[in-house]
Amino acid sequence: MVCGLDEPTSGSVKVEGVELAGLTDDQRTRLRREKIGMIFQTFNLLPTLSALENVALPLRLQGLSKKEAEDRAASMLSHVGLKTRTIHRPDEMSGGERQRVAIARALIFRPPLLLGDEPTGNLDSKTGAEILVLLDDLQRSTRARC
């Protein structure tokens with residue numbers, strides 16, 4: 001409900017003071033694209049795009065130039081430990097690497113809200129623990145910059 005995919009049967013859901021039930025589908029989509037980073041269990045990466053292109057996509061949808069979007073995406077991929085995997089497509093990466101790409105994509109536009117739908121559910125326990133440490137580190141570094 002917080003990401004606007006479902007509507008409550010009672011009560012209300014607000015994101016940054018905006019009542020979601022009053023928004024059209026297009027407005028909810030725009031809100032998700034601009035305010036809510038989402039990390040899915042199934043990664044939801046586009047299979048024909050490289051890691052760099054997958055991470056840059058939200059910025060391109062916001063109107064940033066290809067160069068600026070890809071520069072920021074490369075920096076974010078480096079930040080999540082994938083500096084050497086930017087040109088690889090999802091089918092050329094491990095599950096942990098795919099999840100790191102998904103995390104980078106969710107964080108690339110610096111959303112005020114980050115949601116995770118079982119972000120370690122498709123990973124083995126070791127890789128899942130590494131992803132949780134990464135999320136904790138990213139949260140700490142983001143807080144320190146604010």
Side-chain angles (χ1 to χ4, degrees), residues 1-9 11-47 49-66 68-86 88-90 93-146:
M1 283 192 244
V2 173
C3 64
L5 296 175
D6 289 324
E7 292 190 25
T9 55
S12 65
V13 178
K14 294 181 181 181
V15 174
E16 289 199 323
V18 176
E19 173 60 55
L20 298 186
L23 301 178
T24 66
D25 285 341
D26 286 345
Q27 290 170 322
R28 282 195 303 267
T29 297
R30 190 172 308 112
L31 178 103
R32 279 190 297 274
R33 190 171 56 219
E34 296 172 359
K35 304 284 184 188
I36 303 171
M38 297 173 59
I39 306 168
F40 297 95
Q41 177 180 351
T42 56
F43 318 126
N44 286 351
L45 301 175
L46 296 174
L49 299 183
S50 69
L52 183 73
E53 293 164 329
N54 266 290
V55 175
L57 185 60
L59 297 176
R60 297 287 291 144
L61 291 171
Q62 289 181 354
L64 265 69
S65 71
K66 181 178 180 181
E68 185 176 354
E70 289 186 352
D71 286 349
R72 283 182 52 187
S75 176
M76 181 61 75
L77 284 166
S78 180
H79 196 67
V80 299
L82 293 176
K83 183 178 183 175
T84 63
R85 305 293 280 166
T86 60
H88 293 85
R89 290 188 322 272
M93 292 185 266
S94 70
E97 290 171 331
R98 291 179 198 179
Q99 194 59 296
R100 287 173 185 269
V101 172
I103 290 167
R105 182 189 55 201
L107 295 172
I108 192 67
F109 60 95
R110 299 178 186 105
L113 179 61
L114 179 65
L115 300 176
D117 177 16
E118 298 186 46
T120 62
N122 275 343
L123 305 174
D124 61 71
S125 59
K126 179 181 179 286
T127 305
E130 291 171 358
I131 292 298
L132 291 175
V133 168
L134 172 64
L135 287 170
D136 187 53
D137 290 346
L138 290 169
Q139 185 271 337
R140 289 175 194 275
S141 68
T142 300
R143 188 184 315 161
R145 285 190 304 232
C146 294

- Taking the side chain from Ser78 and the backbone from Ala74, do they hold a donor-acceptor pair closer than 3.5 Å? no
- So, does Arg98 use its side chain to make a donor-acceptor pair with the main chain of Phe43 at under 3.5 Å? no
- Task: Return yes if some donor-acceptor pair links the side-chain N/O of Gln99 with the main-chain N/O of Phe40 below 3.5 Å, else return no.
- Result: yes
- Query: To the nearest 0.5 Å, how far apart are NE2 in His88 and CG in Leu52?
  - Reply: 12.5 Å
- Query: For Pro111 and Gly37, which heavy atoms make the closest approach, and how far apart are they?
  - Reply: CB-N, 3.4 Å
- Message: Testing the basics here: between Ala51 and Arg85, what is the closest heavy-atom pair and its distance to 0.1 Å?
- Response: CB-O, 3.6 Å
- Under the 3.5 angstrom rule, does the side chain of Arg105 hit a backbone N or O of Asn44 as a donor-acceptor pair? yes
- CG on Leu31 to OG1 on Thr24, rounded to 0.5 Å: 10.5 Å
- Nearest heavy-atom neighbours spanning Leu123 and Gly128: CB-N, 4.0 Å
- Message: Distance check, rounded to the nearest 0.5 Å: Leu20 atom CG versus Ile36 atom CD1?
- Response: 6.5 Å
- Task: List the steps and the verdict of side chain to side chain contact (heavy atoms under 4.5 Å, CB included) for Ile39 and Leu135.
- Result: CA-CA 11 Å; Ile39 306 168; Leu135 287 170; 3.9 Å; yes
- Task: Any chance you could measure Thr42, atom OG1, to Asp117, atom CG, to the nearest 0.5 Å?
- Result: 7.5 Å
- Item | Heavy-atom neighbours of Arg89 CZ exceed 12 at 6.0 Å | no
- Query: Going through the checks in order, is the side chain to side chain contact (heavy atoms under 4.5 Å, CB included) test met by Arg32 and Leu5?
  - Reply: CA-CA 10 Å; Arg32 279 190 297 274; Leu5 296 175; 3.7 Å; yes
- Message: If we ignore hydrogens and angles and just use 3.5 Å, is the side chain of Ser94 paired with the main-chain N or O of Glu97 as donor and acceptor?
- Response: yes
- Item | Side-chain donor/acceptor of Arg60 to backbone N/O of Glu70, under 3.5 Å | no
- Note on the structure: Nearest heavy-atom contact between Asn54 and Pro58 is O-CD, 3.7 Å
- Message: Which heavy atom of Val55 sits nearest to which heavy atom of Ala73, and what is that distance?
- Response: CG1-CB, 3.7 Å
- Query: Can you tell me if Arg28 uses its side chain to pair, donor with acceptor, with the backbone of Leu23 under 3.5 Å?
  - Reply: yes
- Note on the structure: Closest non-hydrogen atoms of Ala104 and Leu77, given as atom of the first, atom of the second and distance, are CB-CD2, 4.2 Å
- Query: Would you say Leu107 and Met76 make side-chain contact, with heavy atoms under 4.5 Å?
  - Reply: yes
- Atom OG1 of Thr127 and atom CG of Asp124: how far apart are they, to the nearest 0.5 Å? 3.5 Å
- Query: Say you draw a straight line from CG of Leu132 to CG of Asp137; how long is it, rounded to the nearest 0.5 Å?
  - Reply: 11.0 Å
